[in-house]
Amino acid sequence: MPENGKHLRFRTSSLTRGIIAVTTGGAALALPVIGATGAFAAPAPSAAVEKAVTSTAASGKGIAAQKSESTSYSVILGDTLAKIAREHSVNGGWKALYEDNQKAVGGNPDLIHPGLKLTIGAKADSKSEKAESKASATSDRAEKGADRADRSERTNTALAAEGAPAAEAAPAAEPVSYTNDLDGWIKESLAVMAEHGIPGTYEGIHRNIIRESAGDPRAINNWDINAINGVPSKGLLQVIDPTFQAYHVPGTSMDSYDPVANITAACNYAADKYGSIDNVFGAY
């Protein structure tokens with residue numbers, strides 16, 4: 001008989017506790033794993049559920065606390081590639097993580113299981129090494145190129161010191177010769193006019209010469225108003241001395257009877273007054 005005033009305590013059998021633990025563990029594992037993107041961890045075999053959860057959780061937390069350029073990570077229950085990539089700031093996200101570990105994960109990125117070892121940052125290290133190697137190769141090529149250029153410069157200097165023949169200068173252009181007639185005078189005048197930007201054509205010059213002097217470079221007008229004023233018109237294009245001197249083109253003769261000097265001065269005057277000798281069709 002129990003003593004008065006004391007309550008009986010019922011002991012929970014070890015079998016009951018075992019059933020509760022297994023049932024609870026089983027219920028947790030039976031929940032479906034749902035996600036929008038990324039890969040998901042498949043549940044471990046039911047026979048070793050409690051042991052796998054305990055060991056992998058401890059391993060996962062220990063490794064997750066250590067972040068470096070290249071990290072070995074052990075998958076824990078509930079992990080996805082997207083989650084792991086996010087927590088470890090993987091450049092390129094879960095796709096890059098899967099690409100780096102495709103051999104270990106297999107063909108389905110949605111199926112990773114607790115305990116699976118993943119390498120985080122392996123490709124980044126490899127790319128860094130490749131970049132350093134490439135930079136080193138580029139530097140070597142630059143140094144070799146500079147060395148070749150230096151050798152070439154030294155060689156050229158040595159050849160010059162030894163009296164190597166210099167490159168032959170291009171032959172000077174032969175001066176253009178013009179015939180000493182109306183055709184030659186007009187063509188030479190056009191060349192001088194081109195140098196000084198004076199407009200005019202062969203036809204315009206020739207037409208006005210024929211009208212003014214009939215092609216005679218010594219022609220002079222002794223009967224018009226200019227002659228009465230003491231400044232007669234002279235030469236091929238009948239220019240008075242004041243006009244000739246005012247519109248004389250440098251490089252030509254100062255003699256108003258000189259055919260080329262007379263033509264270029266007259267064309268320079270016509271360009272100033274009429275735009276071009278081509279626009280003159282009468283007395284000017």
Side-chain angles (χ1 to χ4, degrees), residues 142 145-146 148-284:
R148 285 196 298 271
D150 185 56
R151 287 201 303 272
S152 176
E153 184 177 354
R154 291 197 301 270
T155 301
N156 292 337
T157 303
L159 289 174
E162 292 173 3
E168 295 183 1
E174 295 183 2
V176 179
S177 60
Y178 300 96
T179 57
N180 189 26
D181 54 18
L182 182 59
D183 178 71
W185 300 330
I186 295 176
K187 289 178 179 178
E188 185 174 353
S189 296
L190 285 169
V192 176
M193 290 164 59
E195 292 178 1
H196 293 272
I198 302 171
T201 64
Y202 185 100
E203 188 278 329
I205 296 172
H206 186 272
R207 168 169 46 81
N208 282 285
I209 287 176
I210 297 302
R211 187 192 67 251
E212 293 291 321
S213 66
D216 180 7
R218 305 300 300 180
I220 184 171
N221 186 324
N222 288 316
W223 58 87
D224 66 4
I225 188 63
N226 291 321
I228 295 174
N229 292 331
V231 284
S233 302
K234 301 176 182 179
L236 290 173
L237 283 172
Q238 293 292 282
V239 182
I240 62 175
D241 283 340
T243 300
F244 176 81
Q245 293 170 8
Y247 290 93
H248 172 261
V249 178
T252 62
S253 172
M254 290 300 298
D255 181 3
S256 62
Y257 281 113
D258 181 86
V260 175
N262 185 279
I263 292 173
T264 53
C267 287
N268 193 22
Y269 166 77
D272 184 37
K273 297 298 181 180
Y274 307 100
S276 171
I277 190 68
D278 295 343
N279 299 328
V280 177
F281 290 93
Y284 65 109

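Computed from a predicted model, the values in this text were never measured in an experiment. What you see below is based on every heavy atom in this structure, not just the backbone, and it leaves out hydrogens, waters and symmetry mates.
D255 and S253 form no side-chain donor-acceptor contact under 3.5 Å, judged by distance and modelled atom types alone. Y202 and D183 share a side-chain donor-acceptor pair at under 3.5 Å.
Judged purely by atom type and a 3.5 angstrom limit, Q238 uses its side chain to pair as donor or acceptor with the backbone of A219. In terms of modelled atom types and a separation under 3.5 Å, the side chain of N226 and the main chain of V231 share no donor-acceptor contact. Listed for the T201 side chain is a donor-acceptor partner under 3.5 Å among the backbone atoms of G204. One N or O on the side chain of R211 and one on the backbone of G282 form a donor-acceptor pair closer than 3.5 Å.
Annotation: side chain of L182 is in contact with side chain of I209 (closest heavy-atom distance under 4.5 Å). N229 is listed as a side-chain neighbour of I225, based on a closest heavy-atom distance under 4.5 Å. Taking 4.5 Å as the limit, some side-chain heavy atom of F281 sits within range of a side-chain heavy atom of R207. Between S233 and I220, every side-chain heavy-atom pair lies at or beyond the 4.5 Å cut-off. Side-chain atoms of D278 and P199, non-hydrogen and from C-beta on, never get closer than 4.5 Å to each other. When side chains are defined from C-beta on, H206 counts as touching I186, because their heavy atoms get closer than 4.5 Å.
For L236 against S213, the heavy-atom pair with the smallest separation is O-OG, 2.7 Å. The nearest pair of heavy atoms linking N221 to P232 is O-CB, 3.0 Å. Pairing each heavy atom of A283 with each of E212, the nearest pair is CA-OE2, 4.4 Å. The heavy-atom pair separating P217 from Y257 by the smallest distance is O-CD2, 3.4 Å. In terms of heavy-atom proximity, Y247 sits nearest to K273 at OH-CE, 3.8 Å. The shortest non-hydrogen separation linking T252 to V260 is CG2-CG1, 4.4 Å.
Using bins of under 30°, 30° to 60° and over 60° for the plane-to-plane angle, the ring pair Y269/Y284 lands in the tilted bin.
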Let me see the working for W185 and N262 under side chain to side chain donor-acceptor pair (under 3.5 Å), right down to the final yes or no. CA-CA 10 Å; W185 300 330; N262 185 279; over 6 Å; no

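In this structure, D241 CG and H248 NE2 are separated by 12.0 Å, a value rounded to the nearest 0.5 Å. Atom CD1 of I228 and atom CG of N222 lie 11.0 Å apart (nearest 0.5 Å). Considering CG of D258 and NZ of K234, their distance stands at 13.0 Å, rounded to 0.5 Å. Distance check: C267 SG to L190 CG gives 7.5 Å after rounding to the nearest 0.5 Å.
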